[in-house]
Amino acid sequence: MSGFGTLAVHAGAPHDKTTGAVIPAISLSTTFAQSAAAKPVGEYEYSRSANPNRDGFEQAIAALEKGKYGLAFSSGSAATATILQSLAQGSHVVSIGDVYGGTHRYFSKVANAHGVETTFSNAVEDELASLIRPETRLVWIESPSNPTLTVTDIAKVAGIVKQANEGRSADEQVFLVVDNTFMSPYVQNPLTLGADIVVHSVTKYINGHSDVVMGVAATNSDAIHEKLRFLQNAIGAVPSPFDSWLAHRGVKTLHIRVGTASNNAQAIAEFLEKSPLVEAVNYPGLESNPRREVVKRQHRNGLGGGMISFRIKGGAESANKFCQNTKIFTLAESLGGIESLCEVPAAMTHAGIDVKAREASGVFDNLVRLSVGIEDKEDLLKDVEQALQSAASQ
Ligand SMILES: Cc1ncc(COP(=O)(O)O)c(C=O)c1O
């Protein structure tokens with residue numbers, strides 16, 4: 001069994017059998033020649049159904065997520081939509097209150113219109129057993145969540161789902177989906193903790209260079225894979241060969257990028273925790289984190305990852321000023337790239353959520369979210385320090 005770095009570099013990336021090229025060519029052809037009717041020359045027929053670049057990327061993600069199968073989509077949202085489309089009308093889903101806003105929107109405004117109902121819980125570990133109904137088919141969680149970085153004990157949730165499945169037929173099974181976008185497969189592998197499907201917005205850490213929008217799902221189950229692969233082709237929300245190639249190139253350095261971003265974020269979170277200009281810091285790597293024991297169990301070496309959120313003193317105005325005054329951190333949405341970004345969730349990514357619900361899940365007006373990149377730690381620390389001072393003095 002190879003280590004993570006070896007798999008990241010080599011999984012799904014054999015050298016070209018005819019030319020010896022160590023990096024695969026981009027296979028742009030939409031169709032593939034056949035020697036007789038329904039007898040393709042090679043493995044491929046039509047690029048929506050399968051494409052060499054997408055195949056290579058899918059194999060790499062399956063290996064890194066310790067799954068048997070990977071399926072790539074044109075965005076993380078398309079992966080979500082395809083999984084939800086696998087549910088029959090009348091199915092029920094349980095999710096977390098602070099699930100990614102786009103996923104919340106899909107559950108409540110799209111799946112709902114197709115007869116799939118979702119219950120959102122702000123205490124899923126405690127409430128899940130009582131929220132699962134006879135028609136429940138999916139439990140969908142994120143850990144850590146966005147932007148409060150609330151950690152959920154994935155193995156505990158998987159245990160509750162397993163118990164609920166006792167005595168249910170194959171068609172009535174409840175599946176656990178974990179959105180692992182925030183941690184990436186380098187920090188956490190939900191399939192090994194009991195999840196049935198792991199999903200990613202590849203747009204974030206997996207591609208890692210803020211130049212591709214893409215999604216992926218991985219599973220160990222033959223039945224789930226068969227169903228989702230059918231829908232991947234039938235719905236057709238697939239990534240282009242070029243995007244698949246770029247994302248596959250990006251994932252080869254995932255361990256280096258996420259390791260560096262996590263080390264940088266740890267130093268910044270520890271600095272913020274000591275600052276008199278900061279009210280509170282959410283970061284899974286801090287020893288003071290209330291779920292630190294869970295983090296140590298489910299994250300590689302207890303790593304905290306590259307995402308931090310903190311409440312700055314001085315309210316919404318200070319949060320905005322902090323983000324306007326950073327010189328290395330760019331004020332922008334998204335996350336998981338090589339470059340550091342900052343944003344104010346209440347005014348940006350989470351502005352669409354009703355204030356009461358937003359504050360109930362910890363997204364206050366003075367919350368700042370950082371996506372820490374791989375620049376030099378000392379430069380990032382200096383940038384955060386000067387932006388805090390500027391926000392306080394204006
Ligand atoms: C946790 C999480 N899941 C899913 C998505 C959706 O991914 P995409 O933007 O690639 O559709 C995002 C996007 O921000 C996300 O942060």
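The analysis underlying the following values was restricted to heavy atoms, covering all of them including side chains, and did not include hydrogens, waters or symmetry mates. Each ligand, and each atom within it, is numbered from 1 in the order the structure gives. For clarity, every value in this text was computed on a predicted model and none was experimentally measured.
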*Between the side chain of N51 and the main-chain N/O of S47, is any donor-acceptor distance below 3.5 Å?*
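A pair under 3.5 Å: no.
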Could you list, one pair per line, each nitrogen or oxygen of ligand 1 together with any protein nitrogen or oxygen closer than 3.5 Å, giving atom names and the distance rounded to 0.1 Å?
unit_1	atom_1	unit_2	atom_2	d
ligand 1	3 (N)	D179	OD2	2.6
ligand 1	7 (O)	S201	OG	3.0
ligand 1	10 (O)	G76	N	2.9
ligand 1	10 (O)	S201	OG	2.8
ligand 1	10 (O)	T203	OG1	2.7
ligand 1	11 (O)	G76	N	3.2
ligand 1	11 (O)	S77	N	2.8
ligand 1	11 (O)	S77	OG	2.7
ligand 1	14 (O)	K204	NZ	2.7

*Sequence neighbours left out, what passes salt bridge (charged side-chain N to carboxylate O under 4.0 Å, His left out) with R369? Give chain and number order.*
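Partners of R369 by the salt bridge (charged side-chain N to carboxylate O under 4.0 Å, His left out) criterion, ordered by chain and then number, come out as E343.
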Donor-acceptor pairs under 3.5 angstrom involving side-chain atoms of residues 70-79: please list them, not counting sequence neighbours.
unit_1	atom_1	unit_2	atom_2	d
S74	OG	A237	O	3.3
S75	OG	S77	N	3.3
S75	OG	A78	N	2.9

Throw together a table of side-chain donor-acceptor distances under 3.5 angstrom for residues 308-316, partners on residues two or more places apart or in other chains.
unit_1	atom_1	unit_2	atom_2	d
S309	OG	P147	O	2.6
S309	OG	N282	ND2	2.8
R311	NE	N366	OD1	3.0
K313	NZ	P276	O	2.8

*asked:* Can you see whether E273 engages S288 through a side-chain donor-acceptor pair at a distance of less than 3.5 angstrom?
replied: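 Per modelled atom types, E273 and S288 side chains form a pair under 3.5 Å.
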_Does atom CD (E127) have a neighbourhood of more than 12 heavy atoms from anything else shown, all under 6.0 Å?_
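Yes, because the 6.0 Å sphere around CD of E127 holds more than 12 heavy atoms from other groups.
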